[in-house]
Amino acid sequence: MSMVTSAAMRFPQPVRVGDLLRRDVIQPVESQNFLGTEQQIVRNPDGALAVIINLGGFLGFGSRSMSVPVDTLVLLGQVVEVDAFTPAQLRQLQTFSPGTAVPLPPDAVIKFGLAKPSH
Amino acid sequence: VKRPQAVEKALLASSSLNDGLQALLFDPNHLAPPTYPASMIRRPPKFNAYYDVMDVKPVDGATWKLELSGLITDKRPWTLPNLLAMPQRSMVIKHICVEGWDYIGGWTGVPLRDFFERFGADLRAKYVAFKTADDYPSSIDMAAGLHPQTLLALQYGGDPLADPVGFPMRLRMSTKLGYKSRKWVTAIEVTNTYPGGYWEKLGFPWFAGI
């Protein structure tokens, strides 16, 4: 099943971009391992939406930002889960550089798929 | 971890005692504190079920009917337009899950008390039982059913319920743990015979008060 098909089956719900920022991103396992923090939502030149996640590090040091497609993430109340990548796969993504990606304003509304808690 | 039958029995007895004490202490008119501003409503609400969100089967509001049975005078099935035409009440309350998480939600709907009075339900009956489109029955005590913050909810945050949140109608209570507020309600029965429920048969507390 493609990521787009899977995301569509998760009843995507409208959510304000400003309400998504600074949310914790966790691994979909019972221990809910912390992976990073949402920094920004951007629209790529091809029109696809992506979430810029500040991954890893400690107290703000040693982390790096990467662009993760919205379709690979799911919303569980306050937190966001990475549905389609393992932590190892996430770490292999290239570091995000703003380039031609356009940040969405806080009042923009995008759709996010849902999931049931993993715990 | 092995749990001997004697331990299981003791835990269930303790849970049952806890349920009984909660029922004794329950004040049918006391509103759940605190109240929250609408700005704190979590959008969208957190989804949870005993199955994955991808297995949710949306209910067609145009053909949906609420069946009524038991100790109710007027048992005509009720439709969504009928429910929407009744006086509504809104509340912003905390949803508290037995799993340990919570969120603040904003719900609008028909108070169950008003609905029962409209249909001539026996308000002295012991139990209110619910059936749902996802075959997930449950039941509550009549006192909780008549509480001012027990709604047949039709909206979340001012919008119609989304499919995974229970469209077209779900139960929403401020006085009990989240698993007692069933989504996609299709039938209500007023009865004096203990109806149990899905989780209750698995050992979860029946009263489940907060």
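In what follows, every chain begins at residue 1, and chains take the letters A, B, ... in the order their sequences are listed. Because the structure is a prediction, the values reported are computed rather than measured.
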- Message: Counting neighbours of NZ on B:K65 that are heavy atoms of other residues, nucleotides or ligands and sit closer than 6.0 Å, is the number greater than 12?
- Response: no
- For the residue pair A:P14 and B:P44, what are the closest heavy atoms and their distance? O-CD, 4.1 Å
- Item | Spacing of CD belonging to B:E99 relative to NZ belonging to A:K116, to within rounding of 0.5 Å | 6.5 Å
- Roughly how far, to the nearest 0.5 Å, is CG of A:L76 from CH2 of B:W101? 9.0 Å
- Message: If I take atom CE from residue A:M9 and atom CG from residue B:D55, how far apart are they, to the nearest 0.5 angstrom?
- Response: 7.5 Å
- Item | Atom CZ of A:R16 with >12 non-hydrogen neighbours under 6.0 angstrom | yes
- Item | Contacting region of B:F47 [heavy-atom separation from chain A under 4.5 Å] | both
- Message: Just so I know, are the side chains of A:Q13 and B:P45 near enough to count as touching, which here means a heavy-atom distance under 4.5 Å?
- Response: no
- Item | B:R43, part contacting chain A, at a heavy-atom distance under 4.5 Å | backbone
- Tell me, do A:R10 and B:D52 make a side-chain contact under 4.5 Å, heavy atoms counted? yes
- Correct closest heavy-atom pair for A:S6 and B:M54 would be O-SD, 3.9 Å
- Atom group of B:V165 that falls short of 4.5 Å from chain A, counting heavy atoms: neither
- Message: Working to the nearest 0.5 angstrom, can you tell me the gap between B:D163 CG and A:L114 CG?
- Response: 10.5 Å
